[in-house]
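Reviewing the structure listed below.
Lettering follows sequence order; numbering is per chain, from 1. What you see is a predicted model, and the numbers here were worked out from it, not measured in a lab.
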There are 2 protein chains.
Amino acid sequence: MNNNSDNKNNTFSISELAKEFDVTTRAIRFYEDKGLLTPARRGQTRIYSPADRTKLKLILRGKRLGLTLDESRDIINMYNPGGSNEDQLSTLLAKIRERKNYLQQQLHDIEVMMLDLQESEDRVIDALNDLKTQ
Amino acid sequence: MNNNSDNKNNTFSISELAKEFDVTTRAIRFYEDKGLLTPARRGQTRIYSPADRTKLKLILRGKRLGLTLDESRDIINMYNPGGSNEDQLSTLLAKIRERKNYLQQQLHDIEVMMLDLQESEDRVIDALNDLKTQ
DNA sequence: GTCAAAGTTTACGTTAACGTAAAGGTAAGC
DNA sequence: GCTTACCTTTACGTTAACGTAAACTTTGAC
């Protein structure tokens with residue numbers, strides 16, 4: 001056996017995750033600083049579980065949707081109720097629904113922008129054809 | 001007639017637009033600094049046409065989708081071919097398609113996140129029901 | 001043992017997108 | 001003429017999300 005960090009238990013090194021998701025290790029450590037990830041350690045070295053990997057995935061998805069890291073952390077926390085107090089649950093429910101509404105708005109924005117771009121594309125294609133059949 | 005800036009020709013003052021879209025006048029001027037808007041002037045005062053208003057709308061839509069102002073400017077410029085050179089048109093076409101791909105990715109991200117949030121919402125609702133029927 | 005690759009911490013630098021004064025011009029209403 | 005409301009420019013401040021560099025340790029391969 002020659003290279004890979006972990007062969008049996010499925011865990012990941014920081015550079016493995018960095019490669020897989022095409023981010024820098026600096027970024028991953030930064031997410032940890034901000035409290036979004038809390039990998040285990042073997043000595044000094046960080047060891048990432050599949051759960052950590054999933055969280056990173058969620059973070060990056062959030063980024064693509066224009067969320068801040070704080071917002072992504074909130075969303076990640078939404079996935080496991082945790083505090084079972086009724087007030088907390090209600091607050092959480094409200095947040096979830098607010099998020100869904102925002103996503104709904106984004107969906108609409110994308111639809112409209114897609115249509116606009118499609119029109120632009122059509123016009124550009126027409127213009128190109130005009131040049132060629134000239 | 002008592003207040004509004006313009007009664008006949010439909011133009012807008014900076015604060016009118018600021019109110020309508022719920023942004024600050026500072027932000028609107030900033031977009032101008034960055035070359036995204038170029039309103040007419042009456043003396044020093046900025047006067048916005050419906051076209052300017054539309055551009056502002058595009059900018060804000062872009063923001064909601066996580067675009068930078070530079071990217072939004074690019075997109076706005078995509079809407080009118082302008083330079084009719086063939087190379088330019090091809091480049092433009094490529095950009096448009098790249099944008100569409102990105103939006104496609106975002107659509108997928110939203111779908112997935114929506115589903116995840118729906119599951120979370122269901123779980124939270126169940127938890128709340130459990131508390132009440134306890 | 002040593003060399004390169006990958007890991008670590010600490011810390012200063014950078015960019016985007018405005019916020020927030022400061023200091024002043026202009027026009028309407030009283 | 002004075003206030004009030006809205007406009008202007010100039011300019012320094014701020015936050016988020018890392019980049020980049022320095023200085024050091026650990027580890028597998030030869």
Checklist line | For B:R97, all residues meeting side chain to side chain contact (heavy atoms under 4.5 Å, CB included), sequence neighbours excluded | finding: A:E121, A:I125, B:L93
Margin query: Using OP1 and OP2 only, check whether a side-chain N or O of B:T45 sits under 4.0 Å from D:dT8.
Written below: no
Item checked: Atom-to-atom span, CG of B:L36 to P of C:dC18 - whole angstrom -> 10 Å
Note to self: Given 3.5 Å as the limit, does a donor-acceptor pair link the side chain of A:D122 with the main chain of A:E119, or not?
What the structure shows: no
Notebook entry, point to check: Taking the side chain from A:S15 and the backbone from A:A18, do they hold a donor-acceptor pair closer than 3.5 Å?
Noted result: no
Next item on the list: Please answer whether the main-chain N or O of B:T68 pairs with a side-chain N or O of B:E71 as donor and acceptor at a distance below 3.5 Å.
Entry: yes
Atom pairs under 3.5 Å, N or O on each side, protein against nucleotides 13-17 of chain C: can you list them with distances?
{"from": "C:dA17", "atom 1": "OP1", "to": "B:L69", "atom 2": "N", "distance (Å)": "2.9"}

Item checked: Rounded distance (Å) that lies between atom C1' of C:dT8 and atom CZ of A:R41 -> 8 Å
Check: Tell me: CD1 of A:I28 to C1' of D:dG19, nearest whole Å?
Finding: 15 Å
Margin query: The criterion is side chain to side chain donor-acceptor pair (under 3.5 Å); which residues satisfy it with B:E32, sequence neighbours excluded?
Written below: B:R41, B:R46
Note to self: Nearest whole Å is fine: how far is C:dA6 C1' from A:F12 CZ?
What the structure shows: 18 Å
Note to self: I'd like to know if B:R123 and B:D126 make a salt bridge, using a cut-off of under 4.0 Å between side-chain N and carboxylate O.
What the structure shows: no
Check: Has A:T24 got a side-chain N or O lying under 4.0 Å from the OP1 or OP2 atom of D:dG19?
Finding: yes
Next item on the list: Could you tell me whether the phosphate oxygens of C:dG7, OP1 or OP2, come under 4.0 Å of any side-chain nitrogen or oxygen in A:R46?
Entry: no
Margin query: In this structure, how many angstroms lie between the C1' atom of D:dG19 and the CG atom of A:D33, rounded?
Written below: 14 Å
Check: So which of A:K57, A:K100, A:R61, A:R99 actually passes salt bridge (charged side-chain N to carboxylate O under 4.0 Å, His left out) with B:D116?
Finding: A:R61
Margin query: Can you measure B:R29 atom CZ to D:dT8 atom C1' for me and round it to whole angstrom units?
Written below: 7 Å
Next item on the list: Indicate whether OP1 or OP2 belonging to D:dC7 is found under 4.0 Å from a side-chain N or O atom of B:S13.
Entry: yes
Note to self: What is the separation between atom CD1 on A:I14 and atom C1' on C:dA6, rounded to the nearest whole Å?
What the structure shows: 10 Å
Check: Whole Å only: how far is the CD1 atom of B:I47 from the C1' atom of D:dC6?
Finding: 14 Å
